[in-house]
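Down below is the structure, laid out as structure tokens.
Reckoned from all heavy atoms, side chains included, excluding hydrogens, waters and symmetry mates. When a ligand or atom number is given, it counts from 1 through the structure's own listing order.
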Amino acid sequence: MPVLEQLYKKALDCLPLTVEEGLFLYEQAPLEEMMFIGNRLRHIYNPGKITGWMIDRNINITNICFSQCLFCNFCRIKDSPDAYITKINEYIKKIDELYALGGDQLLLQGGMNPDLGLGFYIDLFSRLKELYPSLKLHALGPPEIVYLSKKENISYYEVLSRLIAAGLDSLPGAGAEILSDRVRRIVSPAKATSDEWLAVMREAHKLNIPTSATMMYGHLETDMERIEHLILLRKLQDERPDGHYGFITFIPWPFQDKGTPLSVKKGVRSSYNGPGYIRLIAISRIMLNNIKNIQASLLTVGKDIATLTLNAGANDLGSVMIEENVVSAAGAVNRFDAGDIQSIIKEAGFVPVRRNQKYELM
Ligand code: SF4
């Protein structure tokens, strides 16, 4: 039976905890002690008081998606009256607004639309880069890469290489949800499996494109599956070639249940609560001894809990996300501008520093 003090020491020595050790800490350690350890580690991995934030804009490429994940309120089938594919003039209008607010990073996401192949994305990225050479594209995610690979009958490496050549700057960790196929078969059966998600990220790391790792929790997964998720990320990060970016950050956020099929049809409500999120941030900081940054999801957990996470392992509050449509479609109500996010960080006793998608300070 692991003893808490021994595990605290192992964590503070930045050693990799096993599944059993991580689960024991996660379930048994008092919250204040978890926060203390998470905070000490925050200062080891990111010394000083700097807390990152950024400005970016979300544009959804299309809301047509064959996947129909049960936690998603955003997707539509092709013939829905409100189905869309964003047109180039709309991109231009939105990117002009982004530049006017001082940002140059675009988060491009959307559904897996069966009518859109690799050529569509290559044309889109090339056109945007032609119009805005300084624009940074943080776009798609492993499920889209798996989908495009199958559709075009080419490898993940080839899909990623062509997208990078067209202008992809970094790959979000979208679609990780929980890396357990038991859970994925229920909540998102048409989407990439755990192994597929990890395999895409492995190729992205070989290509040295920055990536992020995520977790969407609080639905059907067990505590053990959360810890196993963290260990799968850690193992993959260990495989990245020397000097390559790998995962530059880890971002967990809770399932937003409002109006989702998972909630309405299956009666599954989000198990989110504030102390639980702080505990998750702390255990993530402890388990992920090879990922430098831990980002709290200000958008989904709000100011009070996000502030506390900065003393529990998180060193970043993410983005002033202009036009977020996916989690907000499922009930996330928080909105912050550049002034708000900096005030929140200062009130928590830290120094807000704006960064880019690669976590380089600006
Ligand atoms: S979460 Fe993404 S992949 Fe799943 S249905 Fe929604 S848009 Fe499609």
Student check: side-chain heavy atoms of Tyr8 and Leu25 closer than 4.5 Å: yes
Can you list the atoms of ligand 1 that are under 4.0 Å from a heavy atom of Cys72? 1 (S), 5 (S), 6 (Fe)
What orientation do Tyr277 and Tyr217 show, parallel under 30°, tilted 30 to 60°, or perpendicular over 60°? parallel
Which of the atoms in ligand 1, numbered in the order shown and given with their element, are less than 4.0 Å from a heavy-atom of Phe71? 1 (S)
Would Lys49 count as a cation-pi partner of Phe350, with NZ or CZ less than 6.0 Å from the six-membered ring centre and within 45° of the ring normal? yes
Give the atom numbers and elements of ligand 1 that come within less than 4.0 Å of a heavy atom of Met112. 3 (S)
Heavy atoms only, cut-off 4.0 Å: how does Cys65 contact ligand 1, side chain, backbone, both, or neither? side chain
Among Gly111, Ala190, Gly175, Pro261, which residue places a heavy atom closest to atom 7 (S) of ligand 1? Gly111
Against heavy atoms of Cys69, which atoms of ligand 1 measure under 4.0 Å? 1 (S), 3 (S), 4 (Fe), 5 (S)
Taking it one step at a time, do Glu97 and Lys93 satisfy salt bridge (Lys or Arg N to Asp or Glu O under 4.0 Å)? CA-CA 6 Å; Glu97 287 168 2; Lys93 180 171 170 287; 3.5 Å; yes
Suppose we only count N/O/S atoms under 2.8 Å; would Cys75 qualify as near atom 6 (Fe) of ligand 1? no
In this structure, does ligand 1 have an atom that sits under 4.0 Å from one of the heavy atoms of Phe66? no
One residue to check: Gln68. Relative to ligand 1, which of side chain, backbone, both or neither has a non-hydrogen atom less than 4.0 Å away? backbone
Tracing side-chain contacts under 4.5 Å among Ile, Leu, Val, Met, Phe, Trp and Tyr outward from Tyr359 reaches Tyr245, Ile248
Aromatic rings His219 and Phe255: how do their planes relate, parallel, tilted or perpendicular, breaks at 30° and 60°? perpendicular
Answer yes or no: is there an ion pair linking Lys136 with Asp104, defined by an N-O contact shorter than 4.0 Å? no
